[in-house]
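So the structure is just underneath, and the comments pick up after that.
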Amino acid sequence: MNQPNPMDAHKSERPDVTDTPFVEFTLTRGVLTDNGATPWTTTIGVGTPPQPLRIMLDTGTVNTWVTASSCTTEACRLHTAFNPEASTTFVPGRQAPTSVSFGPWGSMGVVIGNDVCHLNYEHAGQRSLVPFAEPMSLYLAVSYEGQQFSELDCDGGFAIPSIPCKQPSALLEELKNQGLIRHAIASFWFDPVRGEGRCLLGALDQTLYDPTSVNCLALKPLEGELGYLWSVCLDQLQIGRCSIGKEIDFVLDTGSSVFKGGHAIIHRMIEAITDEGRRPTTVTSEADLSGYPMLDLTLGSVSYRLTPRQYFMQVGPAQWDLGVQYLEGLPDELLVVGSVFLDTVYSAFMLGDGDHVEPSVLLANAVQSQVSISGVWVNEFGSVMEIGPLEADGTFRGQYRSDTGATGVYPVMGVADPDPVGNSIAIAFTVNWRSLEGPPDPSWHWVSAFSGLMQIQDGAEVINTLYMLQQNATESVQPWQATAIYSSTFKRRP
């Protein structure tokens with residue numbers, strides 16, 4: 001039976017970007033490490049003048065913190081630090097230095113400070129021309145150590161807990177209390193292929209998810225010191241033919257990457273995925289992942305499937321590690337998940353208002369940009385190729401414009417995979433070296449064929465090809481001299 005939709009209470013004022021104020025963050029995807037932290041960060045200016053820091057927007061913590069310039073431990077020195085002495089708006093807190101817990105990661109020595117964060121704020125459809133200066137209290141980390149902290153791909157983290165937070169500031173709660181946003185909602189959209197994402201505080205972006213797929217899950221609060229986490233009920237976890245458990249406490253953590261949990265549930269997951277150790281937890285070829293089972297999660301009667309390519313993490317050019325880890329200090333049957341799942345959905349974390357709206361999590365099918373070979377492409381010589389629509393049988397036509405030695409506009413004919421699997425497209429095409437403009441060049445007696453792969457590299461769409469340039473054999477050109485093979489890379493022109 002479906003859970004009651006907590007959005008029903010305010011359907012008349014649907015919190016979409018078109019009709020409600022919000023704060024927006026652009027997210028970028030960084031490196032994956034084995035510490036289990038999220039690869040997604042945003043850059044925020046802190047202080048006056050703004051000091052740019054890379055920040056996690058983290059639903060898995062109650063601590064809002066930045067690395068302080070006074071921190072001299074090895075782990076701290078690996079990150080950009082906030083210098084309070086360089087900010088004219090910084091006000092030191094009155095509390096004495098203290099130690100705050102980061103659970104299984106350890107502790108951090110901190111002092112409280114107050115300053116402003118510069119945010120992109122939009123109200124009534126109008127974006128503020130100057131970033132909005134939001135007063136906040138922050139933990140200034142004056143000491144932290146350990147490999148996990150040193151491997152963080154960020155300089156701090158802003159907490160988005162599921163409960164009210166006294167100190168330091170929880171940004172979502174602060175914005176709501178000040179009346180700057182009407183809805184205490186943090187929504188996330190990720191495109192891991194292009195390495196880009198978006199987070200909104202105060203609204204949903206209905207262009208980024210399928211509204212027919214909305215699945216609202218009631219919060220299932222955890223007891224004790226973990227009560228700030230966004231925990232819901234995982235109705236069932238299935239790996240291949242093996243049922244791992246039912247009605248599992250399931251935490252959705254934007255500050256994490258992998259599945260993490262207590263010994264009991266993680267042991268069962270690893271046993272099922274590896275066929276009791278018969279399959280390795282690290283592979284060196286993507287093709288080897290096809291031998292691993294699918295992972296099915298049922299949440300609110302909706303099933304979400306993860307492929308091995310999604311729950312394994314690529315941590316090197318030829319290395320994929322299983323994204324399932326023990327985390328000391330977690331209850332045996334508690335399961336936490338980060339980007340390996342959240343990258344595949346649109347998610348929104350909704351604080352309750354203490355009245356008719358209860359805390360909940362919204363999941364929906366994300367609208368992702370589809371890879372396509374149609375469009376305008378430019379190679380390393382500045383030559384421009386325009387590829388028209390791909391027909392149902394995979395054929396296409398286009399034009400190739402060159403201003404180098406082969407100056408002219410030439411017809412292109414080719415084929416591409418019409419139903420690609422994954423995020424690449426196999427492509428092959430020919431260029432007919434008879435210009436469509438002006439008389440043909442009588443000296444050109446060539447044919448050529450290109451074959452390659454369209455894919456996403458470092459967030460950009462590229463077509464990497466090898467091409468064979470073939471000319472006629474003559475008295476002065478021997479057959480072995482008439483064939484040449486080159487490489488050429490085309491990048492999509494915005």
Next item on the list: Taking Asp16 for its side chain and Ala203 for its backbone only, find out whether a donor-acceptor pair lies under 3.5 Å.
Entry: no

Next item on the list: Could you grab the distance from atom CD of Gln399 to atom CG of Asn432, nearest 0.5 Å is fine?
Entry: 12.0 Å

Notebook entry, point to check: Does the side chain of Trp446 reach to within under 4.5 Å of the side chain of Gln470, using non-hydrogen atoms?
Noted result: no

Next item on the list: Check Thr26 against Thr42 and note the closest heavy-atom contact, atom names and distance.
Entry: O-OG1, 2.8 Å

Item checked: Trace of the ring pair (Phe, Tyr, Trp, His ring centres under 6.0 Å) decision for Tyr121 with Phe22 -> CA-CA 6 Å; Tyr121 181 65; Phe22 63 89; 8.1 Å; no

Notebook entry, point to check: Do any N or O atoms from the side chain of Thr474 and from the backbone of Val477 form a donor-acceptor pair under 3.5 angstrom?
Noted result: yes

Item checked: Student check: side-chain heavy atoms of Asp249 and Glu333 closer than 4.5 Å -> no

Next item on the list: Working to the nearest 0.5 Å, report the span between OG of Ser303 and CG of Leu297.
Entry: 7.5 Å

Note to self: Closer than 3.5 angstrom, by distance alone: can the side chain of Arg279 be matched with the main-chain N or O of Ile273 as a donor-acceptor pair?
What the structure shows: yes

Next item on the list: Grab the two heavy atoms, one from Ser374 and one from Ser372, that are nearest each other, plus how far apart they are.
Entry: N-OG, 3.2 Å

Note to self: Tell me if a side-chain donor or acceptor on Ser257 pairs with a main-chain N or O of Ala37 at a distance below 3.5 Å.
What the structure shows: yes

Margin query: Looking only at the aromatic ring of each residue, does the gap between the centers of Phe149 and Phe102 stay below 6.0 angstrom?
Written below: yes

Next item on the list: Of all the heavy-atom pairs spanning Leu390 and Pro418, show the shortest one and how long it is.
Entry: CD2-CA, 3.9 Å

Next item on the list: Look only at the side chain of Asn379 and the backbone of Ser488, and say whether a donor-acceptor pair between them is shorter than 3.5 Å.
Entry: no

Item checked: Audit row: Arg29, Asp343, salt bridge (Lys or Arg N to Asp or Glu O under 4.0 Å) steps and yes/no -> CA-CA 11 Å; Arg29 197 172 195 270; Asp343 280 5; 3.8 Å; yes

Check: Can you tell me if Thr73 uses its side chain to pair, donor with acceptor, with the backbone of Tyr144 under 3.5 Å?
Finding: yes

Note to self: Using the rule ring pair (Phe, Tyr, Trp, His ring centres under 6.0 Å), only one of Trp40, Tyr346, Phe341 pairs with Phe190; which is it?
What the structure shows: Trp40

Next item on the list: Specify the closest pair of heavy atoms between Cys216 and Met350, including all atoms of both residues, with the distance to one decimal.
Entry: SG-CE, 4.4 Å

Check: When rounded to the nearest 0.5 angstrom, what is the spacing between CG in Leu27 and CD in Glu24?
Finding: 9.5 Å

Next item on the list: Output, in order, the C-alpha distance, side-chain angles, deciding distance and verdict of salt bridge (Lys or Arg N to Asp or Glu O under 4.0 Å) for Glu271 and Arg278.
Entry: CA-CA 9 Å; Glu271 288 288 285; Arg278 296 180 182 88; over 6 Å; no

Margin query: Does this structure show an ion pair linking Glu386 with Arg397, if we count only N-O contacts that are shorter than 4.0 Å?
Written below: no

Note to self: What I want to check is whether the side chains of Thr67 and Asp155 have a donor and an acceptor closer together than 3.5 Å.
What the structure shows: no

Check: Side chains of Thr212 and Asp210: donor-acceptor distance under 3.5 Å anywhere?
Finding: yes

Note to self: Please give me the minimum heavy-atom distance between Ala159 and Thr64, naming the atom from each residue.
What the structure shows: N-OG1, 3.0 Å

Margin query: Quick one: does any side-chain atom of Arg309 pair with a main-chain N or O of Ser290 as donor and acceptor, under 3.5 Å?
Written below: no

Checklist line | Cys71 to Ala141 - nearest heavy-atom pair and separation | finding: CB-O, 3.4 Å

Check: Tyr400 and Trp433: aromatic ring centres closer than 6.0 Å?
Finding: yes

Notebook entry, point to check: Quick one: CD on Glu461 to CD1 on Ile456, what's the gap to the nearest 0.5 Å?
Noted result: 4.5 Å

Item checked: Distance, nearest 0.5 Å, that separates CG of Leu201 from CD1 of Ile181 -> 6.0 Å

Check: Can you check whether Val384's main-chain N or O pairs, donor with acceptor, with Ser402's side chain at less than 3.5 Å?
Finding: no

Next item on the list: Could you grab the distance from atom CD1 of Ile239 to atom CZ of Arg268, nearest 0.5 Å is fine?
Entry: 9.5 Å

Next item on the list: Classify the side-chain pair Thr254/Asp58 by whether it contains a donor and acceptor separated by less than 3.5 Å.
Entry: no

Note to self: Looking only at the side chains, is there a donor atom on one of Asn215 and Tyr304 sitting less than 3.5 Å from an acceptor on the other?
What the structure shows: yes

Next item on the list: With the side chain counted from C-beta on, respond yes when Val258 and Leu322 share a heavy-atom pair under 4.5 Å apart, and no when they do not.
Entry: no

Margin query: Can a side-chain donor-acceptor contact be found between His263 and Glu328 if the only test is distance below 3.5 angstrom?
Written below: yes

Item checked: Modelled atom types, side-chain donor and acceptor of Asp321 and Gln319, under 3.5 Å -> yes

Check: Do Arg198's NZ or CZ and the ring of Phe25 fall within the cation-pi criteria of under 6.0 Å and 45°?
Finding: no

Check: Is it true that a side-chain atom of Thr80 and a backbone atom of Leu53 form a donor plus acceptor pair closer than 3.5 Å?
Finding: no

Note to self: Applying salt bridge (Lys or Arg N to Asp or Glu O under 4.0 Å) to Asp153 and Arg54, what does each step give before you reach the verdict?
What the structure shows: CA-CA 8 Å; Asp153 193 32; Arg54 295 174 65 202; 3.0 Å; yes

Check: Would a distance-only check, ignoring hydrogens and angles, find a side-chain to backbone donor-acceptor pair under 3.5 Å from Gln238 to Arg241?
Finding: yes

Margin query: Ring centres under 6.0 Å, that's the criterion: do Tyr311 and Phe259 meet it?
Written below: no

